[in-house]
Amino acid sequence: MELIRVINVEKQYKNGVTALYNLNLSIKKGEFVFVIGASGSGKSTLIKMMYREEKPTKGQMIIGGIDVARLRNGKVYKLRRKLGVVFQDYKLLPKLNVYENVAFALEVIGMSKDEIRKRVVKVLKLVGLKEKIKSYPDQLSGGEQQRVAIARAIVNDPKLLICDEPTGNLDPVTSLEIMSVLDNINRKLGTTIVMATHDRDIVNKMKKRVLLLDSGQLVKDYMEGTYSYEIA
Ligand code: ADP
């Protein structure tokens, strides 16, 4: 079953820069896909269109049956409920503890307290952070903060998890731990993962599908790919 279909997508920013040209691709439910390429090649632009932070200027970008190019601003919440996003800088709320940071996303959609507790405890176990449930973000290491951000992103059981350079601020050992958390989520929950990264060690070790962007074009699509050395 297909989860993402990109058809003839072009993205031109208002300043005239074309970030992506005539992009076509398809991602199935349950896949784990890396998006790689040099700085400025269009990775963030592609990822941002998937959660409708940016809109394509041409073409169709269909995520779980919703064409993000045509989605009205008032309906964006419908798309956002189907997906979770993890960023390089975690974006946790500093005044909330671990439990509250993860529960917050469920409180705003009006879920019952009991159901929230069940779900939050389950995802914190899955990311290996149950003992830190009452800690605040400034009491956690970078790797632990990223685990909280991942727990928050999956607590609503999304079909798609989008990760934009999730290991960008972490050392190599911690980065591999985070990758093992993501791999676990992909395998155990069947969540589709699309991850933009610069980290060639990770890409080489994980042996997943790799999309290589170069100057706004998709130039390679490998299964069990490695980080291409052509792109530095
Ligand atoms: P990457 O994530 O691979 O570094 P980006 O998607 O951020 O690449 O950028 C692709 C191109 O689009 C670059 O030329 C960049 O300067 C340009 N770009 C990105 N965001 C904007 C924006 N908001 N406005 C104008 N140009 C942008």
Side-chain angles (χ1 to χ4, degrees), residues 3-27 31-63 66-73 76 79-80 83-91 142 145-146 149-150 153 160-172 175 178-179 182 192-206 208-223 225-232:
L3 183 67
I4 299 177
R5 185 167 195 98
V6 179
I7 307 166
N8 299 329
V9 161
E10 182 185 292
K11 173 65 184 178
Q12 187 174 46
Y13 284 106
K14 288 204 177 76
N15 63 357
V17 171
T18 302
L20 288 171
Y21 296 87
N22 196 33
L23 194 71
N24 286 282
L25 63 94
S26 162
I27 295 175
E31 278 196 272
F32 194 133
V33 183
F34 287 117
V35 180
I36 67 169
S39 197
S41 59
K43 302 183 296 297
S44 296
T45 301
L46 172 58
I47 285 225
K48 282 180 182 161
M49 287 193 295
M50 287 180 183
Y51 60 94
R52 186 39 163 77
E53 180 69 21
E54 294 289 349
K55 260 181 163 181
T57 26
K58 277 191 198 155
Q60 285 170 280
M61 177 115 188
I62 299 159
I63 311 285
I66 297 175
D67 184 355
V68 301
R70 283 155 198 252
L71 190 65
R72 288 166 197 237
N73 290 340
V76 170
L79 173 73
R80 299 265 168 91
L83 53 86
V85 190
V86 173
F87 302 94
Q88 178 168 352
D89 59 355
Y90 328 126
K91 297 197 194 300
Q145 290 184 61
Q146 194 57 296
I150 293 169
L160 174 63
L161 180 61
I162 295 171
C163 306
D164 197 353
E165 298 277 0
T167 62
N169 286 337
L170 304 173
D171 64 71
S175 295
I178 291 296
M179 291 318 297
L182 293 175
T192 308
I193 300 187
V194 178
M195 169 171 159
T197 185
H198 269 107
D199 191 326
R200 64 177 57 181
D201 284 346
I202 282 177
V203 173
N204 292 341
K205 281 206 173 93
M206 299 286 293
K208 304 289 189 189
R209 182 175 171 194
V210 176
L211 306 176
L212 171 62
L213 293 175
D214 183 9
S215 308
Q217 306 207 46
L218 178 62
V219 293
K220 294 219 166 110
D221 182 349
Y222 317 83
M223 297 314 281
T226 50
Y227 202 107
S228 168
Y229 284 86
E230 297 145 39
I231 61 167

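FYI, side chains are in, hydrogens and waters are out, and symmetry mates aren't considered; it's all heavy atoms of this structure. Remember, it's 1-based here, ligands and their atoms both numbered in the order they're listed.
- Taking a cut-off of under 4.0 Å to the non-hydrogen atoms of Val17, the atoms of ligand 1 that pass are 12 (O), 14 (O), 17 (C).
- Closest protein heavy atom to atom 13 (C) of ligand 1: Gly40 O, 3.8 Å.
- Salt bridge status for Lys48 with Glu54: absent, with no side-chain N to carboxylate O gap under 4.0 Å.
- In terms of protein heavy atoms, atom 12 (O) of ligand 1 is closest to Ala19 CB, 3.4 Å.
- Contact between Gly37 and Leu212 at its shortest, heavy atoms only, is CA-CD1, 3.9 Å.
- Ligand 1 lies out of reach of Gly37, whose nearest heavy atom is not under 4.0 Å from it.
- With hydrogens left out, the protein atom closest to atom 8 (O) of ligand 1 is Gly42 N, 3.1 Å, a heavy atom.
- Residue contacts with ligand 1 include Ala38, since one of its heavy atoms falls under 4.0 Å from the ligand.
- For atom 5 (P) of ligand 1, a protein non-hydrogen atom is found at a distance below 4.0 Å.
- Nearest approach of Tyr51 to Ile47, heavy atoms of both residues: CD2-O, 3.2 Å.
- Listed for the Gln12 side chain is no donor-acceptor partner under 3.5 Å among the backbone atoms of Thr57.
- Looking at atom 19 (C) of ligand 1, its nearest protein heavy atom turns out to be Tyr13 CE1, 3.4 Å.
- Looking only at distances, no side-chain donor or acceptor of Gln217 sits under 3.5 Å from a matching main-chain atom of Ser41.
- Scanning the protein for heavy atoms near atom 7 (O) of ligand 1, the closest one is Ser44 CB, 3.7 Å.
- For ligand 1 and Lys43, the ligand atoms under 4.0 Å from any heavy atom of the residue are 1 (P), 2 (O), 3 (O), 4 (O), 6 (O), 8 (O).
- Proximity of Thr45 to ligand 1, defined as any heavy-atom pair under 4.0 Å, is shared by backbone and side chain alike.
- Atom 22 (C) of ligand 1 is approached by the protein to below 4.0 angstrom, counting heavy atoms only.
- Between Ile27 and Leu3, every side-chain heavy-atom pair lies at or beyond the 4.5 Å cut-off.
- Interface of Asn15 with ligand 1, defined as ligand atoms under 4.0 Å from a residue heavy atom, comprises 25 (C), 26 (N).
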**OP:** Show your working on side chain to side chain contact (heavy atoms under 4.5 Å, CB included) between Ile178 and Ile150 and close with a plain yes or no.
**Re:** CA-CA 9 Å; Ile178 291 296; Ile150 293 169; 4.0 Å; yes

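- Residues Asn24 and Leu218 form no side-chain contact, since every pair of their non-hydrogen atoms from C-beta on lies 4.5 Å or further apart.
- Across all their heavy atoms, Thr167 and Asp199 have their closest contact at OG1-OD2, 3.9 Å.
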